[in-house]
Amino acid sequence: MSDRRPIRTRHVGADVRLPVWAEDAALASGVAAVGAAFALSDPLAAVLSVALGASLAVRRTLPALALAWATAAAGAHALLLTGPTAAVIAVPVLVHGLARWSRRAPARVGLGVALAGAVVGPVRWLTTGEEAVAAGDVLTTVAAHAGVVLVAYALGRRGRDRADRAAAEAVAEERGRIAREVHDIVAHSLSVIAVQAEGGRALAARGPERTFEVLSVVSATAREALEDMREMVALLRRGDTPGSPEGNRPPPGLADLGELVGGLGGRARLRVDGPPAAVGSVLGLTVYRLVQESATNFLRHAGSAAVLDVLVVVTAEAVEVHVSDDGLGSAARDDGRGHGLRAMRERVRLHGGTMVCGPRAREGFGLHAVLPLRTPTEEGVRP
């Protein structure tokens, strides 16, 4: 369907936050400080508390290192101390982080190590003292420690599964949207063919000399519609039910980028290099959506003083899209509800292209996509 809704230029207000590594470093510092504060009377316990808490500093950036680090520190806790310190809270925190942010295999390794520690630690601390401890008390303590670890893992997996489902739904929704938009492109072309054919019949009755001109338009439009249909088959190899078209206006493309960027109220610059006519309707629509999504994210997250630069380069082999801004970049807070970039990555992948995006080294956010003029799969559906 044709979607040229203007982008609202009202500043939404970008919430600023620390980068992921800084957030984890702050958490690690807090846990280490609390653990050390409760163990000041025992220098070894204080040192091991700092070591265990510090493992959280890389729980999302280097999860394997965090797991190895925490395993060594927690093992030293169990073997060298006569009781737990407050820093052991780092263990379920790390298990939750592995379950939420890492792949399933490392998360399960972390769970297994933590459950082993939940057994070894309490047994070691309760059975090596001078006073005898009932077996029931030991089992209860082990069960409590293991229960905390299992709850942390379950909460992490629940968050991960929810995010994965949302991502899958976003990709499926985008594929359906692509199918509807390509349907509209072809419907528009067929409408032109029908109008020209009717006009050609009337002209043939009055003056046969113009029949060739009308038939040439019909032929060219039919070939274009066939190309679009072939590209749709190449992009959407599974069945998606296209929606009904909304009128005969074609979906937006490269020619509409000026209007889109102009809607940002003078905060954006656009440059298109190369012949736009070389870009087909479907590919042009994808380029438009990439810029549209980038502009929307720019307004939401970049800040009121930022400027957006859009560069589209058309070559003989591909279309390159460069979008960058000088806004907040990694300091902008993501509310976690948007999946626009993931959907755009799916569009680019279906075209056989590549897309890289993320905060830039110094400031702002950048996106670079390369879309071949003909996808590899498209060649396979040609007669």
Side-chain angles (χ1 to χ4, degrees), residues 3-26 60-61 101 167 170 174 252-274 276 279 283-315 318-349 351 353-371:
D3 184 5
R4 289 184 177 84
R5 292 172 294 181
I7 297 177
R8 297 178 180 178
T9 56
R10 178 177 64 85
H11 176 54
V12 180
D15 298 326
V16 179
R17 70 170 185 182
L18 293 174
V20 167
W21 65 265
E23 289 182 348
D24 288 345
R60 282 184 283 183
T61 53
W101 306 109
E174 190 64 16
L254 261 64
D256 302 284
L257 289 178
E259 179 183 354
L260 174 66
V261 172
L264 296 178
R267 296 179 55 198
R269 298 183 288 257
L270 169 67
R271 195 176 91 199
V272 179
D273 294 341
V279 181
L283 187 58
L285 176 60
T286 294
V287 173
Y288 182 92
R289 294 296 183 219
L290 283 171
V291 177
Q292 185 181 48
E293 178 64 26
S294 299
T296 300
N297 290 336
F298 165 76
L299 290 176
R300 287 177 177 171
H301 305 300
S304 58
V307 176
L308 184 72
D309 285 299
V310 179
L311 171 62
V312 179
V313 180
V314 182
T315 67
V319 180
E320 292 192 36
V321 182
H322 304 263
V323 184
S324 61
D325 64 65
D326 57 357
L328 298 174
S330 61
R333 177 168 292 278
D334 184 0
D335 58 14
R337 293 176 294 178
H339 299 281
L341 288 177
R342 188 176 285 109
M344 290 303 101
R345 187 172 281 109
E346 173 68 6
R347 276 186 182 256
V348 172
R349 186 189 69 80
H351 279 281
T354 59
M355 175 177 134
V356 178
C357 61
R360 297 196 297 172
R362 299 196 174 200
E363 61 181 1
F365 193 91
L367 178 146
H368 177 220
V370 179
L371 300 157

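Values reported hereafter were calculated over all heavy atoms of this structure, with side chains retained and with hydrogens, waters and symmetry mates removed. What you see is a predicted model, and the numbers here were worked out from it, not measured in a lab.
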Test log, rule side-chain contact (heavy atoms from CB on, under 4.5 Å), inputs L290 and L371: CA-CA 11 Å; L290 283 171; L371 300 157; 4.0 Å; yes
Indicate the atoms forming the closest heavy-atom contact of [X] with [Y], along with that distance.
{"X": "R345", "Y": "C357", "answer": "NH2-SG, 3.3 Å"}
{"X": "S294", "Y": "L367", "answer": "OG-CD1, 3.8 Å"}
{"X": "G327", "Y": "A306", "answer": "CA-CB, 3.6 Å"}
{"X": "M344", "Y": "R289", "answer": "SD-O, 3.6 Å"}
{"X": "V261", "Y": "A268", "answer": "CG1-CB, 3.4 Å"}

Within-4.5 Å side-chain heavy-atom neighbours: [X] and [Y]:
{"X": "F365", "Y": "N297", "value": "no"}
{"X": "V291", "Y": "V321", "value": "yes"}
{"X": "L270", "Y": "L260", "value": "no"}
{"X": "P252", "Y": "L285", "value": "yes"}
{"X": "V314", "Y": "L254", "value": "yes"}

Residue among V310, L308, V307 satisfying side chain to side chain contact (heavy atoms under 4.5 Å, CB included) with F298: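 In the set V310, L308, V307, the residue that makes a side chain to side chain contact (heavy atoms under 4.5 Å, CB included) with F298 is L308.
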Backbone N/O of G253 and side chain of D256: donor-acceptor pair under 3.5 Å: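 A pair under 3.5 Å: yes.
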CG-CD distance between L311 and E320, expressed to the nearest 0.5 angstrom: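 Going from CG on L311 over to CD on E320, the span is 8.5 Å.
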